[in-house]
Number of protein chains: 2
Amino acid sequence: MMKKPGLTKINNIEKSLQSAEEHCQRNGSKLTKKRRQILSILLGADRAISAYELIELFNDQFEHKPPAMSVYRILDYLVSFDLIHKVNAANKFIACTQIHNMENHGATQLLFCQQCQQVQETPLNTTVYEGLLDEIKKSGNQLCSQQIEFTCICNACLENSQSYTKSISA
Amino acid sequence: MMKKPGLTKINNIEKSLQSAEEHCQRNGSKLTKKRRQILSILLGADRAISAYELIELFNDQFEHKPPAMSVYRILDYLVSFDLIHKVNAANKFIACTQIHNMENHGATQLLFCQQCQQVQETPLNTTVYEGLLDEIKKSGNQLCSQQIEFTCICNACLENSQSYTKSISA
DNA sequence: TTGTTTTTGTTATAGTATCACAAATTGAGT
DNA sequence: ACTCAATTTGTGATACTATAACAAAAACAA
């Protein structure tokens, strides 16, 4: 029999936080309470979240509004440890999906749906990635980020907009 | 004998504006005076420029400060016609380098140096691009933008920072 | 305990972007 | 040229994103 989805999710978040904690320790740093709280909100979100949305969600969950400055600092911290990613196309943030496996966290692609704001993070195909790296090197540059961002529209939104288009053209 | 570089540059900008104008016409639109002025500033810049920097540069060149709203509208317009690109990692804008050849303007890579803000726009290797498209499609998404942005550090900056590192570690 | 480092808070402010509505300009048809 | 409609630009207010500078608190080691 299946567990309740809600509880499963909470358990998964707990596990992720555990992994994150270990990742920080391995790198001579630590996941403080605040950092952990921020990360847990992002882990629970099903789409990209802005810093100020995060403040509101923090207030909902922990009954206290952290100052923007602190939130941005913590976001910077989490980004620098690759525990979260910034979606530049939207100035929003998502939790890393590879959080259980940070040691061999290779390059990933962030497929950002500009309509529903959902982000799909999947490992980047090795061949493609090497081809990219090669091209970038040839152009006299060195890649800094392990996350390549793509502005997309997801199939779900695509279908919705198509049916919408149909309905208005009818 | 070489022409003065400055004049050559101005001539190139004029040609680019001409091409842009034709591109707009072909697409049933037009490059108004304001749009042309904004585009010419971006064509003359050697790095990515923010909307508000653009206002200042506009004032320098045309002795009048356009309102932010107008600038953003015009930037949106130029982006939608692919005449300029937005560098999401920096919230800045650059003129398209393929402006003379918009009809077969394929996918390009924007190599953004996070240190000096310069952006190198080069055509994306076809094989790599198709590989990418394939992966994106497999993940159930459709790519929206023809510009793939990479946060990099250019060789020039890399050397500078290395010599700097050497000097402080000495 | 004391001093040091790291983290978080506070206040103010800088920088990026858009809304809603008004005015001006352009262009087609008469 | 005149009128209407569509497009473009202007205006003022305001929302959203992000950081600077300095203070307080917490963590930690000597």
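In what follows, every chain begins at residue 1, and chains take the letters A, B, ... in the order their sequences are listed.
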Would you say dT17(D) has OP1 or OP2 under 4.0 Å from some side-chain N or O of S50(A)?
yes

Check K137(B) with E130(B), please: is the shortest side-chain N to carboxylate O separation under 4.0 Å?
no

Can a donor-acceptor pair be found between the side chains of S29(B) and Y77(B) at a distance below 3.5 Å?
yes

Can you tell me if T32(B) touches the phosphate of dT25(C), counting only side-chain N or O atoms and a distance under 4.0 Å to OP1 or OP2?
no

Please state how far atom OH in Y52(B) lies from atom P in dA17(C), giving the value in whole angstrom units.
9 Å

Categorize K33(A) for me: base, sugar-phosphate, or nothing, with a 4.0 angstrom heavy-atom threshold over every strand shown.
nothing

Do any side-chain nitrogens or oxygens of N91(A) fall under 4.0 Å of OP1 or OP2 in dT16(C)?
no

Quick one: R73(B) CZ to dT7(D) C1', roughly how many Å, whole number?
11 Å

Side chain of M69(B): nearest nucleotide among dT9(D), dA20(C), dT10(C)?
dA20(C)

Distance, rounded to the nearest Å, where Y77(A) contributes OH and dT5(C) contributes C1':
15 Å

Separation of atom CD1 in I74(A) from atom C1' in dT6(C), rounded to whole Å:
13 Å

Can you check whether S70(B) has a side-chain N or O nearer than 4.0 Å to OP1 or OP2 of dT8(D)?
no

Once you round it to whole Å, what is the distance between P of dT16(C) and CG of D76(B)?
15 Å

Roughly how far apart are L42(B) CG and H85(B) NE2, rounded to 0.5 Å?
11.0 Å

Taken to the nearest whole Å, CD1/I38(B) to P/dT9(D) is 10 Å

What nucleic acid atoms does R35(B) come within less than 4.0 Å of, heavy atoms only: base, sugar-phosphate, or nothing?
sugar-phosphate

When you get a sec, tell me which of dA18(D), dG10(D), dT7(C) is the closest nucleotide to the side chain of S29(A)?
dT7(C)

Could you state the atom-to-atom distance from CD1 of I55(A) to P of dA18(D) in whole Å?
11 Å

In plain terms, say whether K30(A) and E22(A) are close enough for a salt bridge, that is, a side-chain N and a carboxylate O under 4.0 Å apart.
no

Looking at E149(A) and K86(A), is any side-chain nitrogen of the basic one under 4.0 Å from a carboxylate oxygen of the acidic one?
no

Starting from C1' on dA26(D), measure out to CZ on R36(A) and report it in whole angstrom.
18 Å

Measuring to OP1 and OP2 of dT19(D), would you say a side-chain N or O of Y72(A) lies under 4.0 angstrom away?
no

What contact category does K65(B) fall into here, base, sugar-phosphate, or nothing, at under 4.0 angstrom with non-hydrogen atoms?
nothing

NA contact type, K30(B), heavy-atom cut-off 4.0 Å: base, sugar-phosphate, or nothing?
sugar-phosphate

